[in-house]
Amino acid sequence: MKKVIFALLLAIAILSSCTAEKSNTNTSPQADGIVIAILDTGISTLAIDEDHLLAGYNYVDSSDNTEDKINHGTAAASVIVGSAPAKIEGLAKNVYLVPLVVRSKTESGEQKGITVETLSQVIIDCVDKYDAKIINISLGIKKDAAEVKKAIDYAEKHGVLAVAAVGNDGKDKDCYYPAAYETVLSVGSHDKDGKLSDFSQRNGTTDILASGEDIWLASKNGKTYGARGTSFAAAYVTAAAANILAKNPHLSPKEVREILCQSATDIGDEGFDTDSGWGILNLEAALAY
């Protein structure tokens with residue numbers, strides 16, 4: 001039986017205003033741009049500049065409509081490329097986002113997701129169809145599914161970095177996949193004081209922390225709102241990885257992971273492995289590494 005991915009790694013607010021129903025139509029990135037696949041709820045063109053968007057796909061509805069009906073994907077995108085309407089400055093400039101909808105909602109407001117088998121195909125499509133250099137994953141399943149592991153291995157083999165949120169269940173020892181896989185850069189959240197966020201997973205799978213609290217994000221209507229979650233921390237790390245690859249495009253996924261983790265600011269034993277000096281994302285140090 002197909003297993004439905006029943007939740008994104010963040011409780012997401014639903015706004016009442018409607019988003020225009022249209023798809024992102026850009027098809028060809030500039031030669032020097034980093035392509036990032038965003039596996040999330042879609043990206044709103046009311047909030048995110050279409051110059052940063054490439055044509056994606058809605059795997060929930062099997063359609064080309066990748067407009068965000070929830071907020072989550074747009075919020076993550078605003079961390080990476082910014083949002084002029086929401087007055088948010090992005091962390092990466094010369095990048096292109098491919099919105100791949102893996103969670104959405106019906107007209108009645110019911111949220112729906114994709115199956116494990118579909119998730120595996122989405123990851124493979126990121127490599128073969130969308131030519132992504134980075135895959136940003138804002139969802140997880142509490143099961144080590146062979147087909148998902150195979151897809152992640154495929155991405156690694158083809159030089160594509162996978163970045164995933166570790167989850168928001170706090171001290172829950174359960175692992176979320178694909179974040180728990182060795183070749184996935186798994187991201188937890190820290191607060192404004194540099195402490196591990198209460199909600200960030202403490203299960204030994206976290207590679208690095210980034211800001212996931214007290215941050216401003218863009219809603220699907222282009223408004224500014226505050227939220228928290230490891231998904232947004234993962235977006236910070238994705239943006240950092242894109243900046244590194246922009247300067248050093250021939251780095252392998254393993255090399256990018258090592259640069260980010262080994263240049264991170266060690267905060268000591270905060271509930272995850274810091275034996276290798278891993279800690280809080282330090283972009284300046286990473287770029288100079």
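All figures in this text were calculated on a predicted structure; none of them were measured in a lab.
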Between Y225 and L217, is there a side-chain heavy-atom distance shorter than 4.5 Å?
yes
Taking it one step at a time, do T183 and I152 satisfy side-chain contact (heavy atoms from CB on, under 4.5 Å)?
CA-CA 8 Å; T183 58; I152 288 295; 3.4 Å; yes
With a 4.5 Å cut-off on side-chain heavy-atom distances among I, L, V, M, F, W and Y, is there a chain of contacts connecting V184 to V116?
yes
Any chance you could measure E67, atom CD, to S44, atom OG, to the nearest 0.5 Å?
5.0 Å
Stepwise side-chain contact (heavy atoms from CB on, under 4.5 Å) check, I34 with I134
CA-CA 8 Å; I34 302 297; I134 304 173; 4.3 Å; yes
What I'd like to find out is whether the side chain of V163 reaches to under 4.5 Å of the side chain of I135, using heavy atoms alone.
no
Separation between OG (S252) and CD (E156), nearest 0.5 Å, reads 7.0 Å
Nearest-0.5 Å distance that lies between atom CG in L100 and atom CG in N136
11.0 Å
To the nearest 0.5 Å, what is the distance between OG (S104) and CD1 (I114)?
12.0 Å
Between T45 and E50, does any side-chain donor sit less than 3.5 Å from a side-chain acceptor?
no
Minimum heavy-atom distance A76-A235, with the two atoms named
O-CB, 3.6 Å
Exercise: do D51 and Y96 side chains pair donor with acceptor under 3.5 Å
no
Side chains of N71 and T74, heavy atoms from C-beta outward: is any pair under 4.5 Å?
no
Please determine if D169 and K142 form a salt bridge, counting it only when a charged side-chain N lies under 4.0 Å from a carboxylate O.
yes
Closest approach of A155 to I123 (non-hydrogen atoms, all atoms of both residues)
CB-CG2, 4.4 Å
Do I208 and L91 share a hydrophobic cluster, counting only Ile, Leu, Val, Met, Phe, Trp and Tyr and linking them when any side-chain heavy atoms are less than 4.5 Å apart?
yes
Does D61, at its CG atom, have more than 12 non-hydrogen atoms belonging to other residues, nucleotides or ligands within less than 6.0 Å?
yes
Taking the side chain as every heavy atom from C-beta outward, state whether V81 and L97 have any atom pair closer than 4.5 Å.
yes
According to a hydrophobic-cluster definition based on side-chain heavy atoms being under 4.5 Å apart (Ile, Leu, Val, Met, Phe, Trp, Tyr only), do F199 and V166 belong together?
no
Looking only at side chains, do Y181 and D153 share a donor and an acceptor under 3.5 Å apart?
no
Heavy-atom count check: over 12 atoms from other residues, nucleotides or ligands less than 6.0 Å from E255 CD?
yes
Of I280, T265, I267, the residue whose pairing with H190 passes side chain to side chain contact (heavy atoms under 4.5 Å, CB included):
I280
With distance as the sole test, does D191 use its side chain to make a donor-acceptor pair with the main-chain N or O of K195 at under 3.5 Å?
yes
ILVMFWY cluster, Y236 and W216 together (side-chain gap under 4.5 Å):
no
With no hydrogens and no angle check, just 3.5 Å: does a side-chain donor-acceptor pair link Y154 and D128?
yes
Tell me whether I215 is reachable from I88 by hopping between hydrophobic residues (I, L, V, M, F, W, Y) whose side-chain heavy atoms are closer than 4.5 Å.
no
Answer yes if the side chains of D68 and T41 hold a donor-acceptor pair under 3.5 Å, and no otherwise.
yes
Non-hydrogen side-chain atoms of R103 and Q111 separated by less than 4.5 Å
yes
Short question: side chain of S78, backbone of A218 - any donor-acceptor pair under 3.5 Å?
yes
In short, C261 meets D207 closest at the heavy-atom pair SG-O, 3.8 Å
Could you report the tightest heavy-atom contact between V95 and I80, atom names first, then the distance?
CG2-CG2, 4.2 Å
Roughly how far apart are L39 CG and L119 CG, rounded to 0.5 Å?
7.0 Å
Quick check against the 3.5 Å criterion: does N58 have a side-chain atom that pairs as donor or acceptor with the backbone of N65?
yes
If you apply the rule side-chain contact (heavy atoms from CB on, under 4.5 Å), what do you find for I38 with V98, and how did you get there?
CA-CA 6 Å; I38 305 294; V98 180; over 6 Å; no
Will you find, in the side chains of N282 and S263, an N or O donor that is under 3.5 Å from an N or O acceptor?
no
Which is it for D125 and Y59 under the side-chain contact (heavy atoms from CB on, under 4.5 Å) test, yes or no, and what are the steps along the way?
CA-CA 11 Å; D125 285 350; Y59 288 86; 2.7 Å; yes
For D198, look at atom CG and say whether over 12 heavy atoms of other residues, nucleotides or ligands are found less than 6.0 Å away.
no
Please confirm whether the backbone N or O of K223 pairs with a side-chain atom of S219, one donor and one acceptor, at under 3.5 Å?
yes
Main-chain N/O of G188 paired with T230 side-chain donor or acceptor, under 3.5 Å:
no
For the residue pair C126 and V160, establish whether any side-chain heavy-atom pair is separated by less than 4.5 Å.
no
Are I43 and T66 packed together at the side-chain level, in the sense that at least one heavy-atom pair is separated by less than 4.5 angstrom?
no
Could you tell me which non-hydrogen atom of D144 sits nearest to which non-hydrogen atom of K149, and how far apart they are?
OD1-CB, 4.4 Å
Flag the pair F232 / H72 as yes when their ring centroid distance falls below 6.0 Å, and as no otherwise.
yes
Without hydrogens or angle criteria, can the side chains of Y176 and Q201 be said to hold a donor-acceptor pair below 3.5 Å?
no
Point-to-point distance, once rounded to the nearest 0.5 Å, from CD of E213 to OG of S200
9.0 Å
Tell me whether S120 contacts the main-chain N or O of E147 through its side chain, where contact means a donor paired with an acceptor under 3.5 Å.
yes
Please report the closest heavy-atom contact between Y289 and Q262, naming both atoms and the distance.
OH-OE1, 2.6 Å
Heavy atoms, side chains only, cut-off 4.5 Å: are L245 and L251 in contact?
yes
